[in-house]
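To keep things clear, I will list the structure first and then write my remarks on it.
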Amino acid sequence: MSTIHRVGVIGAGTMGNGIAQAGAVAGLHVVMVDINEAAVRRGVSAITASLDRLHKKDKLAAADKDAALARIKGTIDYLDLKGCDIVIEAATEHEELKHKILKQVDVIAKPEAILASNTSSISITRLAAIVAHPDRFVGMHFFNPVPLMALVEVIRGVQTSEATVAATEAFAKRLGKTPIVVRNSPGFVVNRILCPMLNEAVFALAEGLAPAAQIDEAMKLGCGHPIGPLALADMVGLDVLLAVMEVFYRDFNDPKYRPAPLLKEMVAAGYLGRKTGRGFYEYGQVKA
């Protein structure tokens with residue numbers, strides 16, 4: 001399988017623009033696609049702001065910052081993905097949406113391209129089954145914020161070839177990440193352990209064991225966590241956490257993965273965490 005030089009990213013949101021930034025900083029040409037021009041502009045603006053912060057902290061030279069931005073093409077046209085060596089879908093965690101996107105990409109991408117999903121919980125085997133070359137489909141689970149987090153879970157579906165896994169590992173290393181290869185299973189490794197812990201913290205809050213700030217402080221001081229579980233849930237997005245727990249509950253068919261009723265209520269109210277200005281904590285006005 002050929003070396004990866006050109007990267008396609010579908011989705012200019014938090015994860016998509018983070019992946020695009022990592023690729024561009026690593027010297028790769030990146031095509032970042034989203035549904036409308038406004039979304040693309042927001043994604044490019046977020047990358048620009050992130051690179052500016054790195055430059056101000058003397059972690060990135062001005063010339064390197066400018067060169068990285070020049071390597072990113074924002075677009076609403078899927079046809080721009082045609083020449084990419086790898087296309088990474090980084091849409092929201094809804095399987096039907098991912099199916100729709102992957103079917104669109106499948107008819108555009110060159111035959112030898114790797115197709116990847118940045119899913120945090122959805123079956124890679126199931127996603128691979130809808131594309132023409134399932135042996136070249138793989139999971140790449142990046143972590144937020146992508147430019148700073150070192151880990152990438154490389155998820156092998158039943159159909160994924162050894163060559164695809166090896167090329168994806170090499171690509172992750174090119175981005176400056178540390179890949180771990182995991183077998184396809186709901187939540188893979190990190191979220192399989194992390195999300196039930198966050199969900200259990202919501203149960204503890206709902207049962208009145210302690211206020212949110214004290215639950216978080218207890219886990220920071222008692223377990224050495226850098227951030228408490230409820231604050232982390234707000235950062236991840238309560239809608240994302242709920243979606244992952246619903247996948248676990250359905251796919252494992254085990255009541256221990258039942259989403260906390262309070263989590264459902266928070267999502268129904270639109271209190272999704274930092275991105276909406278309110279979750280288990282309040283964050284002030286969020287710009288539209």
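The structure presented is a predicted model; accordingly, all values stated were derived computationally and were not measured.
Note that CE of M149 and OG1 of T178 are 11.5 Å apart. Values are rounded to the nearest 0.5 Å. Expressed to the nearest 0.5 Å, how far CZ of F137 lies from OG1 of T125 amounts to 10.0 Å. Rounding to the nearest 0.5 angstrom, the gap separating the CD1 atom in I114 from the CD1 atom in I4 is 4.5 Å. Once rounded to the nearest 0.5 Å, the distance linking CZ of F280 with CG of L198 reads 9.0 Å. For the atom pair K264 NZ and L238 CG, the distance stands at 14.5 Å (nearest 0.5 Å). The structure places OG of S117 at 9.0 Å from CD1 of I101, a figure rounded to the nearest 0.5 Å.
The pair D234-K275 does not meet the salt-bridge criterion, since no charged nitrogen lies less than 4.0 angstrom from a carboxylate oxygen. Contact check on E217 versus K220 returns a salt bridge, with a Lys/Arg side-chain nitrogen under 4.0 Å from an Asp/Glu carboxylate oxygen. Using a 4.0 Å cut-off between a side-chain N of Lys or Arg and a carboxylate O of Asp or Glu, R42 and D34 do not qualify as a salt bridge.
Counting heavy atoms from C-beta on, the side chains of V181 and V165 come closer than 4.5 Å. Proximity of R192 to F252: side-chain heavy atoms (C-beta onward) are separated by under 4.5 Å at one or more points. Side-chain contact between L81 and I10 is present, with at least one heavy-atom pair separated by less than 4.5 Å. I88 is listed as a side-chain neighbour of I86, based on a closest heavy-atom distance under 4.5 Å. Side-chain contact between V138 and I155: absent, with no pair of heavy atoms (C-beta onward) separated by less than 4.5 Å. No side-chain heavy atom of K59 sits under 4.5 Å from any side-chain heavy atom of R53. Between V105 and E89, every side-chain heavy-atom pair lies at or beyond the 4.5 Å cut-off. V25 is not listed as a side-chain neighbour of P147, based on a closest heavy-atom distance of 4.5 Å or more.
Of the possible polar contacts, none joining the R6 side chain to the D85 backbone as a donor-acceptor pair under 3.5 Å is found. Judged purely by atom type and a 3.5 angstrom limit, K98 has no side-chain atom pairing as donor or acceptor with the backbone of A90. At distances below 3.5 Å, not a single donor-acceptor pair connects side-chain atoms of N17 with backbone N or O atoms of A46. Side-chain N or O atoms of K73 include none that pairs as donor or acceptor with a backbone N or O of D80 at under 3.5 Å. Here the side chain of T92 pairs no donor or acceptor atom with the backbone of H94 at under 3.5 angstrom. Counting only distance, with no hydrogens or angles, the side chain of N184 and the backbone of S123 share no donor-acceptor pair below 3.5 Å. Using a distance-only test at 3.5 Å, with no hydrogens or angles considered, a donor-acceptor pair links the side chain of E153 to the main chain of V189. Looking at S50, its side chain never comes within 3.5 Å of a backbone N or O of I47 through a donor-acceptor pair. Distance alone, capped at 3.5 Å, is enough to place a donor-acceptor pair between the R174 side chain and the A26 backbone. Side-chain atoms of H141 never come within 3.5 Å of backbone atoms of S120 as a donor-acceptor pair (strictly under, hydrogens ignored).
Taking the ring centre of Y271 as origin, the terminal cationic atom of R278 falls inside the region bounded by 6.0 Å and 45° from the ring axis.
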For this session: Give the intermediate values and the outcome of side-chain contact (heavy atoms from CB on, under 4.5 Å) for residues V236 and N144.
Result: CA-CA 8 Å; V236 168; N144 185 25; over 6 Å; no
Exercise. Does the pair N118 and I19 meet the rule for a side-chain contact (heavy atoms from CB on, under 4.5 Å), with working shown?
Worked result: CA-CA 10 Å; N118 180 52; I19 296 167; 4.2 Å; yes
Exercise. V7 and H29: side-chain contact (heavy atoms from CB on, under 4.5 Å), yes or no, with the steps?
Worked result: CA-CA 6 Å; V7 181; H29 292 280; over 6 Å; no
Exercise. Step by step, would you call I76 with I35 a side-chain contact (heavy atoms from CB on, under 4.5 Å)?
Worked result: CA-CA 6 Å; I76 60 171; I35 55 172; over 6 Å; no
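Connection of F203 to M197 is not established within any shared hydrophobic cluster, with ILVMFWY side chains joined at heavy-atom distances below 4.5 Å, either directly or through further cluster members. Hydrophobic clustering (ILVMFWY, side-chain heavy atoms < 4.5 Å, transitive): I130 and I124 are in one cluster. Hydrophobic cluster membership is shared by V87 and V107, with clusters built from Ile, Leu, Val, Met, Phe, Trp and Tyr side chains linked at under 4.5 angstrom. Both I227 and L194 are part of a single hydrophobic cluster, where members link through side-chain heavy atoms under 4.5 Å apart. The hydrophobic clustering, which links ILVMFWY residues whose side-chain heavy atoms are closer than 4.5 Å, places V190 and L148 apart.
Side-chain atoms of T164 and D135 form no donor-acceptor pair, as typed in the model, at a separation below 3.5 Å. A donor-acceptor contact closer than 3.5 angstrom is absent between the side chains of N199 and Y257. Defined by atom type and a distance below 3.5 Å, a donor-acceptor pair is missing between the side-chain atoms of S45 and T48. Side-chain contact, S121 with N191: no donor N or O sits under 3.5 Å from an acceptor N or O.
Here the closest non-hydrogen pair linking P179 and A172 is CB-CB, 3.9 Å. Nearest heavy atoms, G228 versus D216: C-OD1, 3.2 Å. Nearest heavy atom pair, residue K110 against residue G83, reads NZ-O, 3.6 Å. Considering all non-hydrogen atoms of both residues, M32 and G43 come closest at CE-C, 3.9 Å. Closest heavy-atom contact between C195 and F248: CB-CE2, 4.3 Å. The shortest non-hydrogen separation linking A210 to L205 is O-CD1, 3.7 Å.
A 6.0 Å sphere centred on CG of N253 holds no more than 12 heavy atoms belonging to other residues, nucleotides or ligands. Atom CZ of R183 has 12 or fewer neighbouring heavy atoms from other residues, nucleotides or ligands inside a 6.0 Å radius.
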